[in-house]
Novice: 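The structure follows.
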Amino acid sequence: MTDEELKDFDVAEVITPKHPLKIDDTTLRDGEQTAGVVFANTEKLRIAKLLDKVGVDQIEAGIPAMGGDEKATIKKIAALDLNTSVLAWNRAVIPDIQESVDCGVDAVAISIAVSDIHIITKLKKDRKWVLDSLSRAVEFAKSHDLYVSVNAEDGSRAEMDFLIEFAQRAKSLGADRLRFCDTIGVLDPFQTFQVITDLTKEVDIEIEMHTHNDFGMATANALAGVKAGAMWVNTTVNGLGERAGNAALEEVVMALKYVGSVDLQYKTEMFRELSEYVARASARNVPIWKAIVGTNVFAHESGIHADGVLKNPKTYEAFSPEEVGLTRQLVLGKHSGGASISAKFKEYGIELSSEEAQAILEVVRRVAIQLKRALFDKEIMYIYHDRVEKQKQQEKEGQSR
Ligand code: MN
């Protein structure tokens, strides 16, 4: 089948963006808030540069009110003169925002809780206090010509009427967008779609999705929000972030492109490099099966899969490995088939007969079961050379007899 014909098999369009979609990456803020993670100042600068190079629209650089190194580094990031917008995170208090102004960022997030459990139990205040605090903070930020994202913390557990009132207040104060936070990751994609649909109906303000992965639905919920009209997605590299993490940048971007049909035109071929760098800087390993950037994502072992991929990669791959900076691997082990054996030897310039391939396959399977793993290329070559030696030996013995 030609590539043209195969296009008919591509996944149907399920997300129709009503707008140019944007990504605000918070690896440097929510990502660093992961328990036990600290980025060095130089690492923060490097991550900011890499994110800019990938093409994200905005980076959340940190929390200036923390002072010290954190503030100094945010100042340096703002001074890098990147293409991306640089946003700083703030509580809804004027001194925090003043610290952000001092850093020279062009955007601020002003965060305040909107669910009653947070307002009453954590803040020990009431809804009126929340709206008053928000008003003071946004007015101050706007008087400094900053782009303002109003963050509705724990928005997913807020009462809908109050969430709408909060969003309307943000809009009337001149805020540029509302960040809808599923702070503890308790929504599913269907609920998310409904909430964002209702919110966009009531209030004309750009919405950003901030979703957590406590039930493994962060990326799905971010996409559901986009489908309902959200214009921004807040992500982190590798899905780093509080507890189970946030929606992963690489997952959101690739899912938007291949599950939906929104191509953000990012340099996705940098994803593996970016993932490795953040993994090292955060001392959080990326599992080999991690969606999009795991090293096993384009590894094929089972006979049927490997045979399909050898005939046409689209049979078992949603997109090609080069698009995210990975390479395809044929792994030889317990589940391999003859086609993989032949293909592997072809890589080394050896053409096997189908009988030879079958004989080697039997040994490969036996050894893989003994070792409880796939075989290295070298081990496969040893099997081949042992076989050739044995044959020579047999021929010799035949002649001398
Ligand atoms: Mn968060």
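In each ligand, atom 1 is the first atom listed, and ligand 1 is the first ligand listed.
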Novice: Can you name the N/O/S atom of H210 that is nearest the Mn ion (ligand 1)?
Specialist: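 In H210, the heteroatom (N, O or S) nearest the Mn ion (ligand 1) is NE2.
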Novice: Under 3.5 Å, is there a donor-acceptor pair linking the side chains of T236 and N246?
Specialist: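 The criterion, which ignores hydrogens and geometry beyond distance, is not satisfied for N246 and T236.
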Novice: Kindly confirm whether the Mn ion (ligand 1) is within less than 2.8 Å of some N/O/S atom in C181?
Specialist: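 For C181, the answer is no, given that no N, O or S atom comes within less than 2.8 Å of the Mn ion (ligand 1).
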Novice: Given 3.5 Å as the limit, does a donor-acceptor pair link the side chain of K314 with the main chain of A318, or not?
Specialist: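 Flag not set: sc K314 to bb A318 has no pair under 3.5 Å.
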Novice: Has D30 got an N, O or S atom lying less than 2.8 Å from the Mn ion (ligand 1)?
Specialist: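 Coordinating: yes.
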Novice: Can you confirm if the aromatic rings of F298 and Y316 lie within a centre distance of less than 6.0 Å?
Specialist: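 Y316 vs F298: aromatic centres not under 6.0 Å.
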Novice: Would you call the rings of F345 and Y384 parallel, tilted or perpendicular if under 30° counts as parallel and over 60° as perpendicular?
Specialist: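 Plane angle between 30° and 60°, so tilted.
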